[in-house]
Structure formats: C-alpha cells, structure tokens
Amino acid sequence: MTAEQMGQEICVMGWVQRRRDHGGLIFIDLRDREGVLQLALDPDRDPEAHKKAEQVRNEFVVAVKGKVSPRPEGTVNPKMKTGEVEIEVSELKILNRAETPPFMLDDYSEVAENIRLKYRYLDLRRPSVQKSLMLRHRVSRTVRRYLDDQGFLDIETPVLTKSTPEGARYYLVPSRVSSGQFYALPQSPQLFKQLLMVAGFDRYAQIVKCFRDEDLRADRQPEFTQIDCEMSFVDREDVMTIMEGMIARVFSEGIGVEISCPLPRITYAEALAKYGVDNPDLRFGLELVELTSIVKGCGFKVFASVADKGGMVKAINVKGAATFSRKELDDLTSFAAIYGAKGLAWVKMTADG
RNA sequence: GGGGCUGUAGUAGAGUCGGUUACAACGCCGGCCUGUCACGCCGGAGGUCGCGGGUUCGAGUCCCGUCAGCCCCGCCA
C-alpha cells in the first residue's frame, strides 16, 4: 500500500489481526505477510458491511472493497508503516471464520516453544516468524547470487549415502531393497565436495542440509543448513576476501547494514592468548592478561606450581567489580565450575589500594 | 551418559511459615461506546495446581516416585 494508491477503489484480502469496536465505528487491522492495514467501517457509510464486521473475530479471513483514504487529521499512527492511510470499506465478505486461537498471534505475547510447535500452522502466521522466514529467504538468495557472480557452480549432492569416518555420528535410514543395511545421511557434503574439486569443478557452492546425530543444545539442531563451498588454485587471502564479500552483501541486502571490508583479523594464537577460544565474542571485552612470569616462584602454590611445570596463569581484569559481595563471588565460582574450573581465585583492588 | 531448573485457567505468571472460597493480567463471552490502533469502561465464564503415592486434623505449598519441558556438561566443525 503506497501513497500512489490514494483515492483508488481497491479490493484487499487477509487475516484479521485485531478488531476494535467503538459501537459505531469499527476498525479492523487486516494482516498479510507484508504487514497490517487498517480498515474503517462506518455504519453511516455502509450499514451492511458494518453489521458483518460485528461478527468478525481474530484470524477470520476476509475480503473487502473500499477506497484508500488518508486518515483524518490527528489520527495518523506513526508507529505503522501504513499509518497514514486506511480503507473506507464499502463491502465486506467473510471468506473463512476461525475459532479463537490458543494463543495470541502477535509479537507481544510470549508463548512456550512446545505450544508454538503444537500449533505450528498458527505460529507461522505471527509477524515476527514471517519476518524471520523472509529474512532467511533474502539471505539465501543473496548468497546464491553472490557466489554465482564469483564463478561458483551450484551442484547438488546425494543425501542417501554411505557413512565415512568423521567426527559426528550419522543418522541412519534402513534400506528396504538391501534388507538389514542402512543409508547414512551426510553430516556435511565433504566427500562430494572433494570429488568435485578433483574433477575440475574449481569453484563449487551449495546451500545444503547437514545431519548430525549428536545431543542438542539451544543453538544446535539435529539438521541444519550449511553454506558449503570449495575453491581450487587459491590461497588463504582469496578465501577470506571472497567470504568477507559474501558476509558484507548478506548484511547489506538482508538487513540494510553496510560493513566495510576487510574485516578486522586476528590470528589463532592471538585469539587464544587474549580470549582463550578460537571463536571469541569480541563484545565480551574482558581480555586475558598473562601472569605466568609474575607468579613464578610466588608463595601461592596453586599458581606457582602451574608456572613451574610450564603451564600458564592468566587473569581477567573486571573493572568495577571490587564492590562484588562474597555471595556474588561465590556464585561466579560455581558458574565457573560448570565449565570444569576447580575454583575461582580473586583479588579486589580499590582506589586506595 | 551426567547435572540443574521448571510444571498453577486458553496464554504467560503470583501464590508468604502447610490453614477459610487458589489470585491479578492478557485472551474469551455479554453489555456500553463514532477515530481507535496492544482502544476504553462495566459485568461474566473459565482450574484434575503435570501424574501417582506418602506425611498431616489439614498439602498448590513438605517428602518419595514418575512423566514432560527447558538449560547446561560430556558429545558435536
């Protein structure tokens, strides 16, 4: 709905997001995948449509005819993309009625994931879910176009295949034809990718499902999608440059954020030294500080013995944390224990020493 | 394989030291309302407190078991 359509007679169809009945005037927020549009039903303009609108409930599917009109002075809603217009409805048809949904299909209501999945056909109507799927569409479209521009061939690889000795466990599919035998689902298209390189397809790319039969986490699913690529006759710099270009374009076309390339780079050694992991979240900010040489030969055996045996002692400087209570420090200690720490040594340093 | 947390109305939550009829919100139903937009006001319905057992005069609350969900460790590139 754009300003160009102002004054036009149009027909729109969609789902009823919300009805606001003022006794006289009735407003209906009509939803489709692009957004929400306000319908105004005035009993003086069309009593029949207004009467039908009284029966309308959330998630009814309706079709209306009417005029695209500017909203009256002072009733513009700046929070809505279509907040300056509304449809002055002259005809309303209920295409499908709906039972009351088990939960609110808006972006304000928090609903447990298992409930959302039970009613997935309703959950998929929620604007936030639709936005996510549309973003995903834009991302995969952008990736395919970009990789095509860079000379990559999009080649499909088999899903029902043979297991190969790799890390993750395979999902198995029983074979009807070869009774007692199984197919393995690929944990990644690794083998096929190598096959393609050997055959001379010097740039291959695929957006592809991978399956790993390992225990789950909040951010880890049994099946997931991977952008899989491989290049021949290139060096490290070529790989990084092409991947950075892809990330920049995905952010630009996906969410309109411009990223300047090259991205900041740190070496593996630097990442481990400063953050202790090879995939640091730089927002964390608390860098590890090397203390091994300082604690060597100090009286505190926990540190000194590690340093003497060629180990490493590092600390983080948490500014402003000298005010932490004993309980807070104890809580942090048990938090560290989750990851296998035997203890948490701390020193408070205040302005007066 | 191991550990932790949580299960109360359709939804998401509160419920004190075990004590009378389990609470308010959103949603739902009815009424009122002609410029709202997460409309407003008034009224109403809606509960196997996950399930089973135990302690007790008395259990949403305490104990044991069980089931489900979430999160984490191991595992996973």
Side-chain angles (χ1 to χ4, degrees), chain A residues 16-31 35-47 49-51 53-60 69-89 98-119 122-123 126-128 164-171 185-191 193 208 210-230 268 277-279 331 334-342:
Chain A
V16 172
Q17 179 71 32
R18 206 85 175 95
R19 184 186 62 127
R20 289 178 296 280
D21 188 343
H22 289 246
L25 269 178
I26 293 176
F27 296 104
I28 290 174
D29 290 339
L30 193 69
R31 184 193 71 233
V36 168
L37 181 64
Q38 175 165 286
L39 312 177
L41 292 110
D42 190 331
D44 302 333
R45 189 172 51 241
D46 193 292
H50 180 268
K51 197 151 191 233
E54 285 178 340
Q55 313 168 29
V56 164
R57 294 292 182 273
N58 287 353
E59 298 308 310
F60 275 34
S69 310
R71 294 194 188 181
E73 189 85 28
T75 64
V76 166
N77 184 351
K79 283 187 285 185
M80 286 174 74
K81 241 195 271 179
T82 58
E84 292 182 15
V85 299
E86 64 188 12
I87 308 294
E88 287 179 3
V89 175
E99 291 176 17
T100 303
F103 52 86
M104 287 289 284
L105 302 181
D106 57 29
D107 289 342
Y108 306 97
S109 311
E110 302 238 335
V111 183
E113 188 137 47
N114 56 330
I115 302 287
R116 292 173 55 188
L117 290 171
K118 180 177 176 183
Y119 301 99
L122 297 175
D123 187 49
R126 303 174 86 188
S128 59
T164 53
E166 287 183 69
R169 282 172 284 222
Y170 283 86
Y171 277 101
L185 302 183
Q187 52 162 297
S188 79
Q190 189 72 19
L191 274 185
K193 179 160 72 178
V208 63
C210 303
F211 307 88
R212 289 176 192 159
D213 188 7
E214 296 293 345
D215 291 346
L216 306 180
R217 285 287 190 284
D219 60 349
R220 212 196 283 160
Q221 295 171 281
E223 62 172 281
F224 61 93
T225 304
Q226 188 174 84
I227 301 170
D228 190 67
C229 18
E230 190 77 31
Y268 176 80
V277 288
D278 65 357
N279 59 341
D331 287 347
S334 42
F335 179 76
I338 295 173
Y339 301 95
K342 291 195 187 99

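The sequence lines fix the lettering, A, B, ..., with proteins before strands; numbering per chain opens at 1.
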Backbone N or O of [Y] within a donor-acceptor pair of the [X] side chain at under 3.5 Å?
X        : Y        : answer
A:Arg19  : A:Ile26  : no
A:Gln17  : A:Leu105 : yes
A:Thr82  : A:Val36  : yes
A:Arg212 : A:Pro222 : no
A:Glu59  : A:Ala98  : no
A:His50  : A:Arg45  : no

Pairwise [atom1] distance for [N] and [M], with rounding to whole Å:
N     : M     : atom1 : value
B:A24 : B:G46 : C1'   : 15 Å
B:U8  : B:G13 : P     : 8 Å
B:C5  : B:A59 : C1'   : 22 Å
B:C70 : B:A12 : P     : 13 Å
B:G44 : B:G27 : C1'   : 14 Å
B:G69 : B:C64 : P     : 23 Å
B:A25 : B:C67 : P     : 38 Å
B:A22 : B:G30 : P     : 27 Å

Distances for protein N/O vs nucleotides 26-35 of chain B N/O pairs under 3.5 angstrom?
from, atom 1, to, atom 2, distance (Å)
B:G27, OP1, A:Arg18, NH2, 2.7
B:C29, OP1, A:Arg57, NE, 3.0
B:G30, OP2, A:Arg57, NH2, 3.4
B:C33, N3, A:Asp21, O, 3.0
B:C33, N3, A:Gly23, N, 3.4
B:C33, N4, A:Asp21, O, 3.4
B:C33, N4, A:Gly23, N, 3.4
B:U34, OP2, A:His22, O, 3.4
B:U34, OP2, A:Gly24, N, 3.2
B:U34, O4', A:Leu25, N, 3.3
B:U34, N3, A:Asp44, OD2, 3.4
B:U34, O4, A:Asp44, OD1, 2.8
B:U34, O4, A:Asp44, OD2, 2.6
B:G35, N1, A:Glu86, OE2, 3.0
B:G35, N2, A:Glu86, OE1, 2.4
B:G35, N2, A:Glu86, OE2, 3.2

Write down the partner of [N] under the Watson-Crick or G-U wobble criteria, each distance required to be under 3.5 Å.
N     : value
B:C70 : B:G4
B:U61 : none
B:G46 : none
B:G35 : none
B:C26 : B:G10
B:G18 : none

From the list A:Asp42, A:Leu41, A:Asp44, side-chain contact (heavy atoms from CB on, under 4.5 Å) with A:Leu25 holds only for A:Asp42

- Task: Verify the contact: side-chain N or O of A:Arg20 to OP1 or OP2 of B:C39, cut-off strictly under 4.0 Å; return yes or no.
- Result: yes

Minimum side-chain heavy-atom gap A:Ile28-A:Arg18 below 4.5 Å: no

Exercise. Is there a side-chain contact between A:Val16 and A:Arg57, using heavy atoms and a 4.5 Å cut-off?
Worked result: no

So what does A:Ile26 touch, heavy atoms closer than 4.0 Å: a base, only the sugar-phosphate, or nothing? nothing

Quick note, A:Asp29 side chain, CB onward, closest among B:G10, B:C37, B:U11 is B:C37

* To do: Applying salt bridge (Lys or Arg N to Asp or Glu O under 4.0 Å), run through A:Arg71 and A:Glu84 and close with a yes or a no.
  => CA-CA 6 Å; A:Arg71 294 194 188 181; A:Glu84 292 182 15; over 6 Å; no

Heavy-atom contacts, protein to nucleotides 69-77 of chain B, under 4.0 Å, summarised as B (base), S (sugar-phosphate only) or - (none) per nt, yield --SSBBBBS

Checking A:Glu230 against A:Gln190 for the side-chain contact (heavy atoms from CB on, under 4.5 Å) test, could you report, in this order, the C-alpha distance in whole Å, the side-chain angles of both residues, the deciding distance, and whether it holds? CA-CA 10 Å; A:Glu230 190 77 31; A:Gln190 189 72 19; 5.5 Å; no

| task | Would you check, one step at a time, whether the test side-chain contact (heavy atoms from CB on, under 4.5 Å) holds for A:Phe27 with A:His22? | result | CA-CA 8 Å; A:Phe27 296 104; A:His22 289 246; 3.9 Å; yes

What pairs of nitrogen or oxygen atoms, one from the protein and one from nucleotides 5-9 of chain B, lie under 3.5 Å apart?
none

Stacking between A:Phe103 and the base of B:G10 (centre distance under 5.5 Å, interplanar angle under 30°)?
no

Between OH of A:Tyr108 and C1' of B:C39 the distance, given in whole Å, is 13 Å

Rounded to whole Å, the CG-P distance (A:Asp106 to B:A38) equals 10 Å

| query | Between A:Arg20 and A:Asp29, is there a salt bridge with N-O shorter than 4.0 Å? | reply | yes

Comparing nearest nucleotides in RNA chain B, the 5'-proximal residue of the pair A:Asn77, A:Ile115 is A:Ile115

